[in-house]
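Down below is the structure, laid out as structure tokens.
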Amino acid sequence: MLIKTADYSASYPGIRKCPESDLPEYAFIGRSNVGKSSLLNMVVDRKKLALTSGKPGKTQMINYFIINKKWYLVDLPGYGYAKLSKTKRRAFRKMIEDYLQKRTTLQCTFVLIDCNIPPQAIDVEFVNTLGKFRIPFAIVYTKADKSKPAQLEENIKLIQNSLLEHWNELPKEFITSANERQGKEKILEYIEEINTKYFNWLKKNG
Ligand code: GTP
Ligand code: MG
């Protein structure tokens, strides 16, 4: 898919404020600092569209970006940032869960997982929550540039095995690096495939 336009649309503090729309949307979600905003910028080829930071907890709202005037990418706050107060962490968690459960135009949630560290219980738990809510998702391994290929493969195996303790099969997976611009085409192809199905469905039923 060619990215012709990618523009910041707006930010919302919660699902209730998000505007009604029948455009398909895709969300990037994952632990704080996993690289959500960086991945978003890399995928749509805009260096500073979503704000990134070395400090966790940068993204605090539901941020909408409109791509090719046809679909949305949504950058969400991270989960599990230990340094946030318990109250704030709980509020983010509720913001994210409300969004995921109620946003009917959400086509796929991309769960970002750092493939340089051992499997994290909070990621497994989050993926299981998506299962419980029956929300379609894909897994995106981030920062693949940080480990040597053999180490990466081994770590991804460990992450997959920890998920397979709860699931019979794994969803679609992508290995990415925002720094080395790896994984962009595959993610865009996948989105395009779903968009095509969605717009066909909308033509018949909308
Ligand atoms: P929050 O909004 O705070 O939850 O973080 P985020 O998940 O949006 O992460 P962000 O994109 O802000 O990146 C966090 C840090 O990881 C920054 O210092 C980035 O430069 C770094 N980073 C992101 N992607 C990559 C990558 O592909 N490779 C490497 N080596 N570093 C990365
Ligand atoms: Mg961010």
Side-chain angles (χ1 to χ4, degrees), residues 6-14 18 25-67 72-100 108-127 129-130 137-153 155-156 159 173-188:
D7 297 292
Y8 169 69
S9 178
S11 302
Y12 306 99
C18 293
E25 69 188 56
Y26 301 85
F28 282 176
I29 192 150
R31 264 183 325 111
S32 201
N33 222 37
V34 71
K36 300 174 290 296
S37 304
S38 305
L39 184 78
L40 189 148
N41 290 337
M42 190 273 279
V43 164
V44 300
D45 248 328
R46 303 286 186 279
K47 277 203 178 83
K48 289 183 179 160
L49 194 59
L51 297 182
T52 63
S53 163
K55 269 199 285 178
K58 177 74 186 169
T59 308
Q60 305 223 345
M61 305 262 263
I62 302 174
N63 299 303
Y64 273 77
F65 300 89
I66 176 104
I67 316 300
Y72 288 115
L73 262 184
V74 180
D75 190 20
L76 291 165
Y79 53 77
Y81 178 35
K83 283 193 182 143
L84 277 183
S85 70
K86 219 176 190 177
T87 320
K88 205 145 195 204
R89 244 185 297 163
R90 217 174 271 154
F92 275 166
R93 181 74 189 215
K94 176 150 177 29
M95 182 204 268
I96 295 166
E97 289 193 359
D98 268 0
Y99 166 83
L100 294 171
C108 179
T109 303
F110 290 92
V111 182
L112 276 61
I113 296 181
D114 186 339
C115 52
N116 301 281
I117 55 172
Q120 304 287 302
I122 193 161
D123 288 329
V124 177
E125 187 228 336
F126 184 76
V127 167
T129 304
L130 291 176
F137 67 93
I139 293 192
V140 177
Y141 299 106
T142 62
K143 310 191 187 182
D145 57 283
K146 283 176 75 179
S147 295
K148 296 218 169 72
Q151 178 70 53
L152 207 66
E153 202 177 310
N155 225 1
I156 288 177
I159 298 171
E173 295 165 288
F174 301 92
I175 299 176
T176 70
S177 158
N179 283 18
E180 290 188 349
R181 315 190 52 71
Q182 179 190 349
K184 170 187 155 152
E185 298 305 333
K186 292 218 164 102
I187 290 181
L188 285 175

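Counting starts at 1 for both ligands and their atoms, in listed order.
Contact annotation for Lys36 and ligand 1: heavy atoms of both the backbone and the side chain come within less than 4.0 Å of the ligand. Under 4.0 Å from ligand 1, the heavy atoms of Asp145 that appear belong solely to its side chain.
When each atom of ligand 1 is checked for a heavy atom of Ala178 under 4.0 Å away, the hits are 24 (N), 26 (C), 27 (O). Applying the 4.0 Å criterion to heavy atoms of Asn179 picks out, from ligand 1, the atoms 25 (C), 26 (C), 27 (O), 28 (N), 29 (C), 30 (N), 31 (N), 32 (C). Less than 4.0 angstrom separates some heavy atom of Ser177 from each of these atoms of ligand 1: 27 (O). Near Gly78, with a cut-off below 4.0 Å to any heavy atom, the atoms of ligand 1 are 4 (O). Which parts of ligand 1 touch Lys146 is read off a 4.0 Å heavy-atom cut-off, strictly below it: atoms 30 (N). The distance from ligand 1 to the heavy atoms of Gly54 drops below 4.0 Å at these ligand atoms: 18 (O).
Using a 4.5 Å cut-off on side-chain heavy atoms (C-beta onward), Ile62 and Leu76 make contact. Between Pro77 and Met61 the shortest side-chain heavy-atom distance does not fall below 4.5 Å. Inter-residue side-chain proximity for Ile96 and Phe126 is flagged as met; some heavy-atom pair is nearer than 4.5 Å. Leu73 has its side chain out of reach of Glu25: every pair of non-hydrogen atoms, C-beta onward, lies at least 4.5 Å apart. Between Tyr141 and Ile156, some side-chain heavy-atom pair lies under the 4.5 Å cut-off.
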For ring pair (Phe, Tyr, Trp, His ring centres under 6.0 Å), just list the numbers for Phe92 and Tyr79, CA-CA rounded to whole Å, side-chain angles, deciding distance to a tenth of an Å, and then say yes or no.
CA-CA 7 Å; Phe92 275 166; Tyr79 53 77; over 10 Å; no
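Protein N/O/S atoms closer than 2.8 Å to the Mg ion (ligand 2), listed by chain and residue number, are Ser37 OG, Thr59 OG1.
If you look at Phe65 and Tyr72, their ring centroids are not closer than 6.0 Å.
For atom 11 (O) of ligand 1, the closest non-hydrogen atom on the protein side is Ser38 OG, 2.5 Å. The nearest heavy-atom contact from the protein to atom 17 (C) of ligand 1 is Ser53 O, 3.4 Å. For atom 2 (O) of ligand 1, the closest non-hydrogen atom of the protein is Thr59 OG1, 2.7 Å. Given atom 5 (O) of ligand 1, the protein heavy atom at minimum distance is Asn33 N, 3.1 Å.
Checked by distance only, ligand 1 and Leu39 stay at 3.5 Å or farther apart across all their nitrogen or oxygen atoms. Looking at Leu51 next to ligand 1, no N or O pair under 3.5 Å apart turns up. Residue Lys143 has at least one N or O atom closer than 3.5 Å to an N or O atom of ligand 1.
With hydrogens and angles ignored, the 3.5 Å screen pairs a side-chain donor or acceptor of Asn41 with a backbone N or O of Ala50. Checking side-chain atoms of Asn116 against main-chain N and O of Lys143 turns up a donor-acceptor pair under 3.5 Å.
Salt-bridge check for Arg93 with Glu125: passed, with a basic side-chain N closer than 4.0 Å to an acidic carboxylate O. Remark: Asp7 does not engage Arg46 in a salt bridge, criterion side-chain N to carboxylate O under 4.0 Å.
Ring geometry, Tyr26 versus Phe110: the interplanar angle falls from 30° to 60°, so the pair is classed tilted.
Side chain to side chain, Thr142 and Asp114 fail the donor-acceptor criterion of an N or O pair below 3.5 Å.
The shortest heavy-atom contact between Val34 and Ile113 is CG2-C, 3.9 Å.
There is a protein heavy atom closer than 4.0 angstrom to atom 22 (N) of ligand 1.
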